[in-house]
Amino acid sequence: MKKLLISLAAALTLGAAWPAFAGPDFQVIEKARADRQTTVAAQAASTRVDSATGQRVNCPPEPLVLPLDHGPRAQTTPGENRVRRARYEAQVKACANPVL
């Protein structure tokens with residue numbers, strides 16, 4: 001009985017550890033690499049250069065997040081936030097009305 005129990009425990013342990021001995025799944029790796037290239041290509045297609053400023057514009061732009069502009073630990077000023085908000089609105093407008 002003791003040998004049967006040891007054999008059974010060894011078989012279960014080996015069965016549970018068997019996937020750790022397997023090599024890398026190259027099909028999954030290549031599919032992930034192809035998906036990444038597709039994502040990068042789509043991202044590059046959505047990035048364009050603004051004719052007025054010559055800077056890259058992401059369409060649609062990332063959501064606007066303004067730093068804290070009040071209180072004892074303010075990170076910016078209300079004027080800087082107004083400039084950031086105006087720049088963001090210009091990017092959204094440029095994305096909505098692309099000039100080619």
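Because the structure is a prediction, the values reported are computed rather than measured.
- The CZ atom of Arg82 sits 11.5 Å away from atom CG of Leu66, with the distance rounded to the nearest 0.5 Å.
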- Message: Go through it in stages, so that I can follow the logic: the residues are Asp69 and Glu80, the test is side-chain contact (heavy atoms from CB on, under 4.5 Å), and I'd like the CA-CA distance, side-chain angles, deciding distance and then a yes or no.
- Response: CA-CA 9 Å; Asp69 64 352; Glu80 288 177 0; over 6 Å; no

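- Here the side chains of Pro67 and Arg84 are in contact, with some heavy-atom distance below 4.5 Å.
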- Task: Might you work through the side-chain contact (heavy atoms from CB on, under 4.5 Å) test for Leu5 and Met1, ending with a clear yes or no?
- Result: CA-CA 6 Å; Leu5 187 61; Met1 181 70 179; 5.8 Å; no

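- Taken from CD in Gln91 to CG in Leu64, the straight-line distance is 9.5 Å, to the nearest 0.5 Å.
- The side chain to side chain donor-acceptor pair (under 3.5 Å) test applied to Gln27 returns no partner, not counting sequence neighbours.
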